[in-house]
Amino acid sequence: MSLSKRPEPCILVIFGASGDLTQRKLIPALYSLMCDGLLPDEFAMIGFARKAKTNESFREEMRVACEEFARSKPINEAIWQKFARSLHYQQGDYGAAADYEVLCKRLEAIERAHGSGANRLFYLATPPEVYPIIIENVGSVLCTGAAGSDRHWSRIIIEKPFGHDLQSARELNAHVHRFFREEQVYRIDHYLGKETVQNIFVFRFANGIFEPIWDRRYVDNVQITVAESIGIGNRGSYYEKAGVIRDIVQNHLLQLLALTAMEPPAEFSADAVRNEKVKVLKALRVDTSRGDGTVRGQYGPGKIDGQLVPGYTQEEGVAPDSTTETYLAMKLFVDNWRWAGVPFYVRSGKRMAKRLTEIVIQFKMPPLLLFKETIARAIEPNLLVMNIQPHEGISLRFGAKVPGSGDNIQTVVMDFNYGSTFKTAAPEAYERLILDAMLGDSTLFTRSDEVEASWALITPVIERWEAGGGSFIELYRSGSWGPKEADDFLAADGRKWHVL
Ligand code: BG6
């Protein structure tokens with residue numbers, strides 16, 4: 001993984017520059033990087049999209065976006081002026097080769113003016129339908145000449161979703177590889193850019209006391225939750241085709257699982273880390289010993305923060321009889337020597353009571369013969385909770401003797417909290433990821449075999465559902481913790497979800 005190095009001079013080309021992601025995440029991340037002195041002096045960015053805009057109108061819109069979304073606030077006027085000068089815009093049609101020729105000329109002109117050389121980073125922030133045509137044009141028009149020479153680098157960042165099943169992910173990988181070598185490709189899963197997610201490495205492998213008990217001898221089960229209180233907003237037509245399984249589980253959630261379960265890599269290099277994650281993904285199995293190993297749900301109307309919210313089927317762009325799942329719980333096993341027999345329960349849902357992402361390691365109960373029966377009943381299993389967001393931290397739950405003459409035991413919690421310990425706002429995930437791509441470090445990006453391994457696990461689940469088999473869609477109230485059936489799912493194993 002990279003340290004705080006500064007990248008070489010380069011130019012960033014964002015396709016989809018008039019979209020939400022560019023405004024809310026990408027440009028604010030770039031601005032914050034400039035504030036932290038992490039962008040190269042000779043940096044430039046050009047946005048490409050269908051909408052007509054001038055450089056000036058684009059810069060103005062981006063200023064408003066940074067005022068609202070950048071981590072570094074308020075806007076620093078001097079830095080903004082410098083940053084704004086590096087922003088450019090070009091209207092174009094993703095399918096028109098001539099527009100890429102024009103873009104190429106502009107890149108060369110900007111590169112000359114900024115002295116940024118022909119190092120080029122391309123960012124696909126468009127709807128996935130146009131990825132193939134952009135990839136082809138970038139590869140055949142924009143990565144030639146000086147940009148294609150050995151003296152310069154070209155890299156491409158591809159947003160999620162990367163495919164919609166195993167077949168389409170394989171096709172997209174094959175298409176990408178026609179124009180780019182794998183080491184030029186940066187597939188984004190923004191969860192990997194989160195500080196707390198990177199801390200899973202550090203927590204596990206830079207401490208002596210956790211790794212020895214991180215296995216089936218000591219761990220009873222692992223629970224991973226990605227809960228969101230937001231609904232689907234105006235993304236109805238996308239979400240109808242995705243559901244939570246494609247939107248969160250196939251990528252973010254499986255990444256959290258892979259980091260939790262992986263073996264220590266021999267070194268912190270992109271390949272060593274990703275080799276270990278791929279091994280986990282390949283060893284993963286959905287437990288179908290009871291039903292299809294899933295519980296699916298869809299949110300109905302309810303209240304979030306005291307406000308009435310509509311049910312999923314009343315959302316814009318959603319079919320009134322939609323059977324798309326907005327909640328999913330699954331039971332998985334990692335069939336390897338470390339984890340055989342330890343269930344990994346994962347769940348994710350929209351419109352749940354709170355926004356919360358956490359990984360819970362539940363340890364086996366100690367033999368309780370030492371304690372009287374009544375006391376033993378009060379003993380709860382030890383839990384290690386990694387709070388990914390929003391209350392970033394780690395806590396350990398254990399039993400302690402209540403002071404006094406009795407032998408009462410109470411569960412207590414030892415807490416580490418990022419905010420109060422480090423007293424500094426963590427960089428946004430996109431800041432870290434864009435910087436790493438500029439530096440040529442792909443440790444925090446998903447490799448082609450990794451994305452295919454996760455689809456290989458998920459695709460049969462979707463196919464079972466589509467064939468009419470598997471779990472039913474259970475309705476749950478917005479503002480709850482998902483369908484009751486998800487509780488029954490764990491209760492059948494004699495377990496319960498960690499209370500959020
Ligand atoms: C995106 C999903 O990848 O992640 C969204 O498409 C989801 O539906 C978002 O809301 C969650 O990201 P975060 O960083 O807010 O947890």
Side-chain angles (χ1 to χ4, degrees), residues 7 9-94 96 98-116 119-127 130 134 138 142 157 159 188 190 193 233-235 425 427-435 437-438:
C10 62
I11 183 160
L12 170 67
V13 184
I14 300 182
F15 295 94
S18 57
D20 245 27
L21 185 71
T22 303
Q23 277 192 30
R24 288 170 172 266
K25 299 287 184 190
L26 306 185
I27 298 291
L30 286 169
Y31 169 74
S32 299
L33 285 173
M34 185 173 273
C35 291
D36 287 355
L38 292 170
L39 286 184
D41 278 334
E42 312 79 359
F43 166 77
M45 173 270 163
I46 180 157
F48 182 98
R50 282 179 282 230
K51 283 199 185 135
K53 291 181 206 293
T54 59
N55 281 349
E56 286 63 41
S57 65
F58 181 63
R59 289 170 186 167
E60 272 161 36
E61 284 171 29
M62 294 307 116
R63 174 159 185 141
V64 176
C66 286
E67 276 163 359
E68 186 169 355
F69 301 114
R71 175 172 59 87
S72 322
K73 277 194 272 203
I75 297 290
N76 174 312
E77 210 43 55
I79 298 178
W80 174 260
Q81 290 308 330
K82 178 168 180 225
F83 181 66
R85 278 195 300 279
S86 71
L87 303 181
H88 308 263
Y89 186 85
Q90 188 192 315
Q91 180 191 14
D93 181 344
Y94 299 123
D99 289 353
Y100 292 87
E101 300 287 352
V102 178
L103 178 60
C104 193
K105 295 264 170 324
R106 279 200 73 190
L107 286 179
E108 287 163 3
I110 294 168
E111 283 163 351
R112 270 195 304 277
H114 285 259
S116 56
N119 295 322
R120 295 178 180 173
L121 179 60
F122 302 96
Y123 199 121
L124 268 54
T126 60
V130 288
I134 301 177
V138 169
L142 301 176
I157 303 181
E159 261 298 329
I188 286 246
H190 79 277
N234 55 9
R235 301 197 303 156
E428 283 280 324
Y430 279 95
E431 294 175 35
R432 172 63 190 251
L433 294 175
I434 295 173
L435 187 64
M438 286 180 183

#### Entry: Non-neighbouring partners of Arg59 that pass side-chain hydrogen bond (donor to acceptor under 3.5 Å, both in side chains), sequence neighbours left out
none
### Query
Is there side-chain contact between Val13 and Arg120, with heavy atoms separated by less than 4.5 Å?
no
### Task
Would you please name every residue forming a salt bridge (Lys or Arg N to Asp or Glu O under 4.0 Å) with Arg50, sequence neighbours left out?
none
#### Entry: Atom pair CG/CD1 of Leu21 and Ile27 - distance to nearest 0.5 Å
10.0 Å
### Validation row: Ile434, Met438 side chains within 4.5 angstrom (heavy atoms)
yes
### Message
As an exercise, state the distance from CG of Leu142 to CD of Glu108, rounded to the nearest 0.5 Å.
### Response
9.5 Å
### Task
State, with a plain yes or no, whether a side-chain heavy atom of Met45 is found less than 4.5 Å away from one of Phe58.
yes
#### Entry: Interatomic spacing from OH in Tyr31 to CE in Met34 - rounded to 0.5 Å
9.5 Å
### Query
Under a 4.0 Å N-O cut-off, is there an ion pair linking Arg106 with Asp99?
no
#### Entry: Intermediate values then yes/no, side chain to side chain contact (heavy atoms under 4.5 Å, CB included), Arg24 and Tyr430
CA-CA 10 Å; Arg24 288 170 172 266; Tyr430 279 95; over 6 Å; no
### Query
Between Phe48 and Tyr94, does the ring centroid distance fall short of 6.0 Å?
yes
### Message
If I take atom CG from residue Asn55 and atom NE2 from residue His88, how far apart are they, to the nearest 0.5 angstrom?
### Response
6.5 Å
### Query
With Ser32, which residues qualify under side-chain hydrogen bond (donor to acceptor under 3.5 Å, both in side chains), at least two apart?
Ser72
### Query
Side-chain contact, heavy-atom cut-off 4.5 Å: Tyr89 with Ser18?
yes
#### Entry: Results of side-chain hydrogen bond (donor to acceptor under 3.5 Å, both in side chains) for Ser86 - residues two or more places apart only
none
### Query
What closest approach, in Å, do Ile110 and Ala44 show between heavy atoms, and which atom pair accounts for it?
CG2-CB, 3.6 Å
## Note on the structure
CZ of Arg85 to CZ of Phe43, rounded to nearest 0.5 Å, is 13.5 Å
### Task
Among residues two or more places apart or on two chains, list those pairs meeting salt bridge (charged side-chain N to carboxylate O under 4.0 Å, His left out) that have a residue in residues 69-81.
Asp36-Arg71, Arg63-Glu77, Arg71-Glu431
### Query
Just how far is it from atom CZ of Phe122 to atom CG of Leu103, taken to the nearest 0.5 Å?
7.5 Å
### Task
Only counting residues at least two apart or in another chain, list the ones meeting side-chain hydrogen bond (donor to acceptor under 3.5 Å, both in side chains) with Lys25.
none
